[in-house]
Structure formats: C-alpha cells, structure tokens
Amino acid sequence: PELPVTGAPSAEHLRKSSSFTVACPGTRQTMPKVSFDVECVPSEAVLLNFLLAKLQRLEPDILIGHDLLGGIVEKLLARMRVRGTSKWSRLGRLVRSKHLTEVFGTSKSMYARASSVSVAISGRLPCDTYIQARELLPKAKDYSLAALAESELKEIVPSFKSKAISNMLSTVDGVTELVGASERRTEAALKLAVHLSIIPLTKQLTNLSGNVWSRTLRGMRAERIEYLLSHEFSKESVSGLVDVKFILPDKLRKSDKPTTGAGTKTTSRRKAQYAGGLVLEPKRGLYDHHILQLDFNSLYPSIIQEYNICFTTVLQDSEEPAKIKLPEASEKEGILPRVLRRLVEQRRSVKSQMKSTKNPLLLKQLETRQLALKLTANSIYGCLGFENSRYFAQPMAEMVTAQGRDTLMKTVELAREKQMDVIYGDTDSLFINTGLTELPMVVAQGADLKKEVNRRYRTLEIEIDGVYVKMLLLRKKKYAAMRIQNLRMPDHLVREVKGLDLVRHDWCDLSHEASEYSLQQILGSGLRPDDAVANILDFLTQLAAKVRGNMLSLKKYIITKSLTKMPEEYPDGTTTPHVKVAFRAKQFGK
DNA sequence: CCCTGGAGCGC
DNA sequence: AGGCGCTCCAGGG
C-alpha cells in the first residue's frame, strides 16, 4: 500500500490491500473465512510466481519486514532457487535474465549473500525493522518481533518455533492459525516501522550525510559518516579554503594490530586499542543526603569543537606521524569542528521551532529531524576510532578521549576546591554528596559549580542532570538511587538501577528476586538502614533454607548466557561452560 | 595465585 | 560494517 513518508498510516492502510495466498498441495481444501482474503494455489512454485506477479502489480517503493534482509528475502531467494523460478528479479526493479543459481548460491560468505539480497530487491527500499530496532533501541535485550511488539507497541503477537510450524502445516486448523498469525506479525512489523519513524528518520539521516538511502536503511553508520565528511572536504577544496584537491588521511595507529594468527575473531570484540573515558574510584556506601549529578552535554562532539580537532588542524610530529599535538588557539576552525557546530546549531534551531508549534504532524517531523542531527553528531567520534572507516584516525580519537579525561579531572578538582564531596564519576559525569536535604540549596550548589565550569570553556558545557535523595554506590558502574524525576515535583521519586545484577539478564530469577527485595528495603522502604539490613538478612536466611530444602522450582535457577559466535569457532580446547552446553545441545539435535 | 577469555553491562 | 572501561565468572598453569 502507499505509505506516506511522514505521518502515521493506519492499520487500514495495510488491511485494505492485504490478502494472503497459501499453497495447499494435494487436496484443495477450503480455507475458513478469516479477516482477510485467502487464495489457494496448488504448489509452492505457483505461490512464488503469484507473489512476484503481485509485487509487479503493486510496484512498491518500500519493502517492510522484520529481518527482511537477513531472513525473509534470503529465504524467498532460496526457495525460488529450488523451484527454478525464472522471474525472480521481479522482487526488485532490476531485470535480470541470469538463472538464480548463478547469482545466489547457498555456500557463499555472509557478505556475498547480503549482496545477492541487495541485487534481488534493487530499486525498492528495504525497511528491515530488525536492523533498525538494533540501531534505534540499543537498550532492548530481545529483538524478536514478538518482544519488540510487546515492549514498543504494547501488543501481543504470536511467534512459533519452526518445529511447531511444520506440525501446523499438516492440518487445516493449523494452516488457518498460521495465516492469521502471519497477518498479525506483518501488521506488527509495519506498526513498528511507523512507531520508530524508520522511513522519515533514515531519510533525514541520508539527507544530512549525502549517502544512498537504501544503505542507511541497512545500518552502515561508518559509511554515513564517510559520506558526510567526504562531501564536506570536497566542498572545501572546490571553494579553495583548503589547499588540497582531496584528502585521504593516512591510517595510522600507534601499535600494530595484534597478530590474528591464533583464532580469527569473527564476532567477539577486539581488545581496546587506545585509552577511553575516565572512571573515578567510587566512595562506596549508602548515601541518605541529596546527591547531585552533573553531566557534560555531548562530551566528545564538544571536545572536537572546543579544541578544534581536525585532520586539517592537528600538528603532526615529522619524526613520528602517529604523534600529534593540539592546534594553536589562533588556528582557524577546522572542518570536523565546523560540521559538528553546524549539526548542533541546526538541532538547536529545530528544537526551538518545536517549542513554538502545536501542529502534531509538524512536531513529529521536527522530532525526527532533531534525532537525526543528534545521531549524526554522536557517531563521528566512534568512526575516528573505527579501523575500517575511511576516516580512521586513531591519534585523533585518542586525543579526544584524552581531553575528555582531562576535562572530567579538572572539573573534579574544581569541585573539591569548592569543598564539594565528589563521590563518583564516569566519563562525562560526576556525583556530589551535598550533605544537604533542602532541594533549593542543592540546586543552587549545582548551579554554582556549573557556572564556574562553563566559564572556562567556549563550547564544552556542563549541566545538572539530576538530584537523588538516596543512593547506594557499590562499585564502578554499579549503583542504584532514588531520583527526583522533576525538580518541580520533588516528592515524585523514581528508582534508577545501573549495572547491578538486578538489571542483568544473565542472572537467574532467584537472584533477581533477592536483589529486588534487598533494594526495595534499602531504597524504597523508608526504614532505617539497620532495620532494612535485618529484614534482608531474615529474607536471605529463609531463602537459603528453601534452597537447601530443594523447595523451589528449578526454573528459578536458570541462568542465560549467549554465544557470540558458532560453537565451533571458539579456540580448540575451549571448556567454557556455556560453549560446552552449546555442543551438548547440538548433540541432542536442538 | 596470577593471568586470560568471554559476556554484559555503563558511558 | 563506530569506541573504550569495568566487573564477575571459569579455567589453565
């Protein structure tokens, strides 16, 4: 169906032109009436041709689906290959006369397969809700359609394991149920695409970077930044502001890549190549006076602007090209800082427009635009440190993080000079135990530090991020606190938990229950710490008795670990428990 | 006892 | 097919 690029299509949009076709080999059985049209065709070969004919009739510009690129299209191509479907290229708009076998093999590399999928649907924009959800909802733990529908759309959609599907295909009722489920899943994918504003957002991202829309839809963050910067450098050389025709930075790194001789790491993360953010040693404990949290806004983009860090400005040591120095203050603004400044200014302008409009459609468009500006600005640093990026510049990435550490350190020093008790900080934030319980005084203290810090910088900017009335600080990156959500409503508290076992999905239910009870006692009960501890001890003692008495369901003990690659790809002799379990599961044919 | 992977967080 | 920092667990020697 036609889908407006902006605005929300209704479910009717889909339903109006929606119909399902089912292949029912053998006896031609009557499908019971459901909420949509169902046509029966005699074989899979006919079904595939029916789909292609339908696609050609509809001529869709956009294909939407969950795991469209990694799953759906690939599966279709695989079946068309088996059935020898000649008009396979009608999936897209590029007419191909070659036999599918020649274009789409089964035993190709991941890259080659992805490229076959691209070719097959060329001319239509692939909107894969799985790929986009991974990019736009980084905090989600489960990217299955059913999980995303539940968390984002508050809808329950069915999902089936492949074994269940093959069973259902043998009965009329089963097929009917599957068709109904397919309709709901299809609708959920469309709603998810609309909910995440995938089409308008990727359009904005593409307009900002000047790359190809279909590539933005496939993820490819580094490529977007490559285009953004290449356009910018090209403009500069044309207008003569930079005395070079083109810039292709030398890719330099301080140390050579660790030899990949032992086991090629296909998926798991490489060891860090350079130093990153500073994490302060926490002063551990339970705080019951107001804690003030201050944050630097967009730390790394701001640092690039503040110190004018660019390929065109940093000073390279002629002896050691990997060694660079910050440019002089008199140096004119480089290209990287200027791109960032422009993105930030545009975002500020969009945000101010939002304040003066009430038109919901326009508001939605502006919201999408400001998000695209933010995502683009925030991606630039990451690409400087990304080895396969065209603009990989490890010395510059290191310079950015070094300035970040310096900025946080100096801010902590200033706060301590002001007799403030800095109890923790991570990369761009610091937490101060004010020793106060009067919100206005706490905010005044924060405002004082903020003013002093911001006076020192042109672009860098610190802000009060929040006030907590109670905080349990356990380790680096592990804490829980009661936050005053809105400084105008100081009685409304919201619990915030970072890094604790409670927020980790790999721990078992039993552990979560114990954590939940303990945290509730400490932060949420209003009890004195001693009493809370007594209750916790009591709870844990009883729990231990239940565990020892084998009185709890085995389900409560289940822990979850995932593999980041195929079990065979782990080094020889790997005896890690979860890899062992994977091998055993394979043995049992799971 | 020290070290290294591996996973899953935080930023 | 952006980055690094920091637990915490297991296993090897």
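All chains are named by letter (A, B, ...) in the order of the sequence lines, taking the proteins before the strands, and each is independently numbered beginning at 1.
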Taking the minimum atom-to-atom distance to the side chain of A/Lys271, which one of C/dG3, B/dA7, B/dG5 wins?
B/dG5
Just call it for A/Ala272: base, sugar-phosphate, or nothing, with non-hydrogen atoms closer than 4.0 Å on any strand.
sugar-phosphate
Centres of the A/Tyr287 and A/Tyr468 rings: under 6.0 Å?
no
May I ask you to say what A/Gly276 touches in the nucleic acid, namely base, sugar-phosphate or nothing, with a heavy-atom cut-off under 4.0 Å?
sugar-phosphate
Rounded distance (nearest 0.5 Å) linking atom CG of A/Leu148 with atom CG of A/Leu196:
8.0 Å
Counting heavy atoms from C-beta on, name the nucleotide in C/dG2, C/dG5, B/dC11 closest to the side chain of A/Asp428.
B/dC11
Quick check: any donor-acceptor pair below 3.5 Å linking the side-chain of A/Arg269 to the base of C/dG5?
yes
Nucleic acid contacts - residues 498-522 of chain A versus DNA chain B, non-hydrogen atoms under 4.0 Å
A/Lys498, A/Gly499, A/Val503, A/Arg504, A/His505, A/Asp506
Is any side-chain heavy atom of A/Arg483 closer than 4.5 Å to a side-chain heavy atom of A/Gln293?
yes
When you get a sec, tell me which of B/dG6, B/dC11, B/dC9 is the closest nucleotide to the side chain of A/Lys141?
B/dC9
What is the nucleic acid contact for A/Tyr274, judged by heavy atoms within less than 4.0 Å: base, sugar-phosphate only, or nothing?
sugar-phosphate
Which nucleotide in the set C/dC8, B/dA7, B/dG10 lies at the smallest distance from any side-chain heavy atom of A/Asp426?
B/dG10
Are A/His66 and A/Thr129 close enough that a side-chain donor and a side-chain acceptor fall under 3.5 Å?
yes
Need one value for A/Ser562: base, sugar-phosphate or nothing, where a base atom within 4.0 Å counts as base even if backbone is also close, heavy atoms only.
sugar-phosphate
Side-chain H-bond candidate by donor/acceptor type, A/Asp465 with A/Ser429, under 3.5 Å:
no
What contact category does A/Leu563 fall into here, base, sugar-phosphate, or nothing, at under 4.0 angstrom with non-hydrogen atoms?
sugar-phosphate
Has A/Lys556 got more than 12 heavy atoms of other residues, nucleotides or ligands less than 6.0 Å from its NZ?
no
Checking side-chain polar atoms at under 3.5 Å, does A/Ser144 have a donor or acceptor matched by the opposite partner on A/Asp142?
yes
Could you tell me whether the phosphate oxygens of B/dC11, OP1 or OP2, come under 4.0 Å of any side-chain nitrogen or oxygen in A/Tyr479?
yes
